[in-house]
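Here the structure comes first, spelled out in structure tokens, and everything after it is commentary.
For ligands, and for the atoms within them, numbers begin at 1 and follow the listed sequence.
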Amino acid sequence: MPKAIIIGAGIAGIASAIRLTLKGYDALVFEASSYPGGKLTEIKADGFRFDAGPSLFTMPQYVDELFTLAGKNPNDYFRYEKLDEICKYFYEDGLRLNAYSDVDKFALEIERKTNAKASEIKLFLKKSETIYSVTHKVFLERSLHKFKSYLHWDTVKSIFRFGQIDAFRTQNVANQSAFSDKRISQLFNRYATYNGSNPYQAPATLNIIPHFEYHFGAYLPKGGMHSIVLALVKLAEDLGIQFLYNQKVSEIIYSKEKVEGVVSDNKIYNAEIVVSNLDIWFTYKNLLKNISHPKKLLNQQRSSSALIFYWGIKGSYPELGLHNILFAENYKSEFDAIWKEKSISSDPTIYINITSKHIKSDAPSGCENWFVMINVPANDGQNWDTLIAEAKQNILQKLNRILKKDVSKAIISETILDPRSIESKTGSYQGSLYGNSSNNQFAAFLRHANFSNKLKNLYFCGGSVHPGGGIPLALLSAKIIDDNVKKF
Ligand code: FAD
């Protein structure tokens, strides 16, 4: 059986290993850490469990697909529930909104509590669906870098409908014109942050993202987000895939423009195919040193990063749900701080994820596990210790203002993740969560392809390459590789 080596056991690396095994390859996964999942891992501290990275699960069909491809029932490996309430939104002026997954109920909630009309929400989500229908087969599910993709009938149809994807104005401009209440345009501007971008610069095409949530749904795996990884690793192991942990790859080797394997711990491992799940920046910098680098692609602006406080909280807060957003009063100045000043606003939007609302075992009795995250710039050598200390005070003051409670007294456990530790733990250049930002309309074309045009049989998957960051797109990168590798 021909050998396939996968470098990195992030979600896309695991998915690639499964797909290549099903294609007839003997897959071997090298992982630098002692655990699989990369960003999609968990943290345990003082009796609390936290999902360390992703907290929102959308498009579960891309995970299920891996089980069905292998002839297995996804339910035998992992289960997830559809959320009736996607998020709770809190504004400084006292407005509180529940984003129900039922669009009629959500639209009514908005009409009842704000100046926006229910019809505006429905029209907006219809447009979101249109962007999805024009783009998904071309921009998300196929390689943008293969000539044959452009000969496809779906591509031709999409080119004729290009005007409908709203690529020539910013997301904020589109959203301001869509809603009669600026708090609702703020709510939908927030979706730019789902791929680490700035709604005041990113094209309105990013309004595709609400369609993922309001059409396909938002979900929570029964054992938390980390159980997605555990289930996929179990499937992989059932298929005979071998994982080598604490086994960092130091070089990709090749000869005559064809990849031949990798080096790890000074030992050569030969393979027919190599797939790198690393951030593409580090793939070139560390593993492909002697090959010319695609500088234009690698020097694109990085996506934002995050500062996360994992707080074990004593007491319970019934006004909060699984996903909560406490909005900045001046949203634009928050993004100016991140993108222009490379700093953190004094009034950042706070995201709080509390899985113990659904999974009781995630916190001791009478307590809650709070994942408290704000968006911050990618690591550019800022004085993070000072920024983190200031941000913590600003977060606590905002929680105090909005929840009318002194949360600082309830914190009984604290772990912190910042751009520096995201970079060192997951190998993400500058601690960016999603590879490059999507702050201009050409960004989709400026992500690296899923294959090398210099070395035959070298492929790239994961959130830093096409089609982009986030679990669903990282999984699609593995699918695109699958579509382009020949079967044995
Ligand atoms: P990564 O997770 O980047 O893993 C790469 C792996 O490669 C790591 O395990 C690393 O140890 C390994 N590696 C690195 N170098 C080497 C080497 N030399 N040799 C061997 N192995 C190596 N997405 C969502 O869909 N929803 C969310 O709510 C969401 N929220 C997020 C919140 C945070 C705080 C973070 C950090 C990310 C979030 N994301 C979210 C993004 C999502 O986590 C990523 O897009 C996705 O997990 C990336 O997966 P990946 O396959 O690219 O691999």
Side-chain angles (χ1 to χ4, degrees), residues 5-17 28-41 43 50-60 62-63 87 193-196 209 212-213 218-220 225-226 228-229 232-233 243-252 262-265 269 274-283 285-288 303-310 323 351 353 371-376 416-419 421-429 431-435 460-465 467-478:
I5 286 180
I6 292 88
I7 314 169
I11 184 97
I14 304 169
S16 299
L28 177 63
V29 184
F30 287 74
E31 169 52 56
S33 302
S34 57
Y35 54 86
K39 298 182 181 73
L40 188 43
T41 184
I43 291 174
F50 303 89
D51 284 311
S55 52
L56 181 68
F57 186 32
T58 54
M59 311 294 266
Y62 296 144
V63 177
C87 189
T193 67
Y194 277 37
N195 72 3
I209 302 172
F212 295 160
E213 273 180 29
Y219 299 82
L220 177 69
M225 296 295 285
H226 184 234
I228 302 172
V229 167
L232 288 177
V233 169
F243 288 81
L244 302 177
Y245 296 109
N246 297 310
Q247 190 92 39
K248 191 173 181 166
V249 168
S250 54
E251 193 180 345
I252 294 171
V262 303
V263 178
S264 178
D265 278 344
Y269 294 81
V274 172
V275 179
S276 174
N277 179 209
L278 266 65
D279 190 310
I280 190 73
W281 201 88
F282 282 118
T283 301
K285 180 165 184 289
N286 295 339
L287 309 187
L288 288 169
S303 81
S304 56
S305 185
L307 168 61
I308 307 144
F309 297 93
Y310 306 87
H323 299 289
Y351 167 65
N353 173 243
F371 164 113
V372 179
M373 177 179 128
I374 59 171
N375 294 311
V376 304
I416 300 175
L417 198 66
D418 63 54
S421 40
I422 293 173
E423 173 161 350
S424 63
K425 281 181 189 241
T426 72
S428 185
Y429 178 48
S432 293
L433 304 191
Y434 305 96
F460 309 104
C461 66
S464 70
V465 294
I471 298 168
L473 300 193
L475 288 170
L476 284 176
S477 69

Could you check Y429 against S464 for side chain to side chain donor-acceptor pair (under 3.5 Å), going step by step and ending with a plain yes or no? CA-CA 9 Å; Y429 178 48; S464 70; over 6 Å; no
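- The shortest separation from a heavy atom of G427 to ligand 1 is not under 4.0 Å, leaving the residue out of contact.
- Distances below 4.0 Å separate heavy atoms of A12 from the following atoms of ligand 1: 51 (O).
- Listed by atom number, the atoms of ligand 1 under 4.0 Å from G8 heavy atoms are 7 (O), 12 (C), 21 (N).
- A heavy-atom separation below 4.0 Å is found between G37 and ligand 1.
- Ligand-side atoms of ligand 1 in range of G38: 2 (O), 4 (O), 8 (C), 9 (O), range being under 4.0 angstrom from any heavy atom.
- Looking only at heavy atoms of the protein, atom 29 (C) of ligand 1 is closest to P54 CA, 3.3 Å.
- Looking at Y434 against ligand 1, only its side chain comes within 4.0 Å, counting heavy atoms.
- Aromatic rings of F30 and Y269 (six-membered ring for Trp) have centroids within the 6.0 Å cut-off, being under it.
- Only the side chain of P472 comes within 4.0 Å of ligand 1, judged by heavy-atom distances.
- In terms of N/O distances under 3.5 Å, ligand 1 is not approached by A306.
- For atom 3 (O) of ligand 1, the closest heavy atom belonging to the protein is K39 NZ, 2.6 Å.
- Within the structure, ligand 1 has S33 among the residues with a heavy atom less than 4.0 angstrom away.
- Here L278 has side-chain heavy atoms under 4.0 Å from ligand 1, and that is the only part of it that gets that close.
- The shell of residues lying under 4.0 angstrom from ligand 1, judged by heavy atoms, excludes G435.
- At a heavy-atom cutoff of 4.0 Å, ligand 1 is contacted by no atom of L473, backbone or side chain.
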